[in-house]
Amino acid sequence: MRIDIVTIFPEFFDVLDLSLLGKARQSGLIELGVHNLRDHTHDRHHSVDDTPYGGGAGMVMKPEPWGDALDSILGDGAGARTTDGAGTTDGGVTHEDGPILIFPSPAGDQFSQAMARELSLEKHLVFGCGRYEGIDQRVVDHYEARGRVRLVSLGDYVLNGGEVAVMAMIEAIGRLIPGVVGNPESLVEESHEDGLLEYPSYTKPASWRGLDVPPVLLSGNHGAISTWRRQQQIERTERVRPDLVTPHLLPPANAKTTTS
Ligand SMILES: Nc1c(O)cccc1[N+](=O)[O-]
């Protein structure tokens with residue numbers, strides 16, 4: 001997968017040299033390009049924002065630097081929208097094969113594990129990190145007419161810009177790319193992968209400050225352990241995130257439960 005990021009704080013993404021994503025870049029599983037939006041300005045102050053039309057507080061990011069930066073990544077044909085509905089274009093690039101341009105935004109679709117999994121299958125992601133009061137709307141409109149564009153929200157709270165959200169999205173997406181995480185099994189038993197929150201985990205010592213590991217986990221009875229873990233997932237999800245509990249995730253009414 002190729003990932004490009006446009007930002008006024010390129011150094012923010014230095015951390016992507018570390019850990020699993022750093023190793024994925026060294027092995028070629030992920031190719032990363034970080035682009036400084038200010039390199040696409042042409043005035044001596046390298047200005048990227050201006051006052052909003054219609055008045056109001058704050059500043060809006062100018063469209064010209066964004067157009068220059070995104071064209072340098074996408075090409076001026078961008079993602080080449082389909083023309084005949086059969087998924088082909090004059091450039092031979094199908095709509096589905098083109099890059100996806102993602103703007104983190106509180107006005108976007110909620111990011112989720114399902115979305116992370118969907119995006120982990122893509123060949124090329126381009127992230128545009130807005131700042132100030134946001135990016136001139138015409139940037140989104142221009143590229144929506146030429147390829148796939150998505151506004152994606154990390155959550156319902158206010159951030160100073162898109163960089164933190166992009167970092168979280170890249171981690172959630174990158175770790176799902178085959179080969180990035182050493183043991184793919186570890187991707188399965190995680191919160192939200194099966195629709196439930198994960199069960200509590202324990203390791204040595206068996207007793208710590210008077211707190212003991214649940215005996216079932218020391219029993220060696222793998223069937224009982226699996227049943228206990230599933231029950232813990234259901235109880236934790238019902239307690240913390242009842243909105244995630246759907247009938248198909250619950251055990252049949254007559255199913256036995258394992259005490260701890
Ligand atoms: N919430 C927020 C924001 O306030 C600014 C940029 C991006 C996001 N977001 O992705 O959630």
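Numbering starts at 1 and runs along the sequence shown. For ligands, and for the atoms within them, numbers begin at 1 and follow the listed sequence. Quantities reported herein were computed from a predicted structural model and do not represent experimental measurements.
Taking Asp4 as the reference, Arg2 meet the salt bridge (Lys or Arg N to Asp or Glu O under 4.0 Å) condition, with sequence neighbours excluded. Under the side chain to side chain donor-acceptor pair (under 3.5 Å) criterion, Ser153 pairs with no residue at all, not counting sequence neighbours. With sequence neighbours left out, the salt bridge (Lys or Arg N to Asp or Glu O under 4.0 Å) criterion links Glu238 to no other residue.
Side-chain atoms of Asp194 and Gln233 form a donor-acceptor pair, as typed in the model, at a separation below 3.5 Å.
Closest approach of Ser120 and Met1 over heavy atoms only: O-CE, 3.6 Å. Residues Pro52 and Gly58 approach most closely at CD-O, 3.2 Å, considering heavy atoms.
Near ligand 1, residues Pro104, Ser105, Pro106, Val152, Ser153, Leu154, Gly155, Tyr157, Val158, Leu159, Gly161, Ala165 come within 4.0 angstrom through at least one heavy atom.
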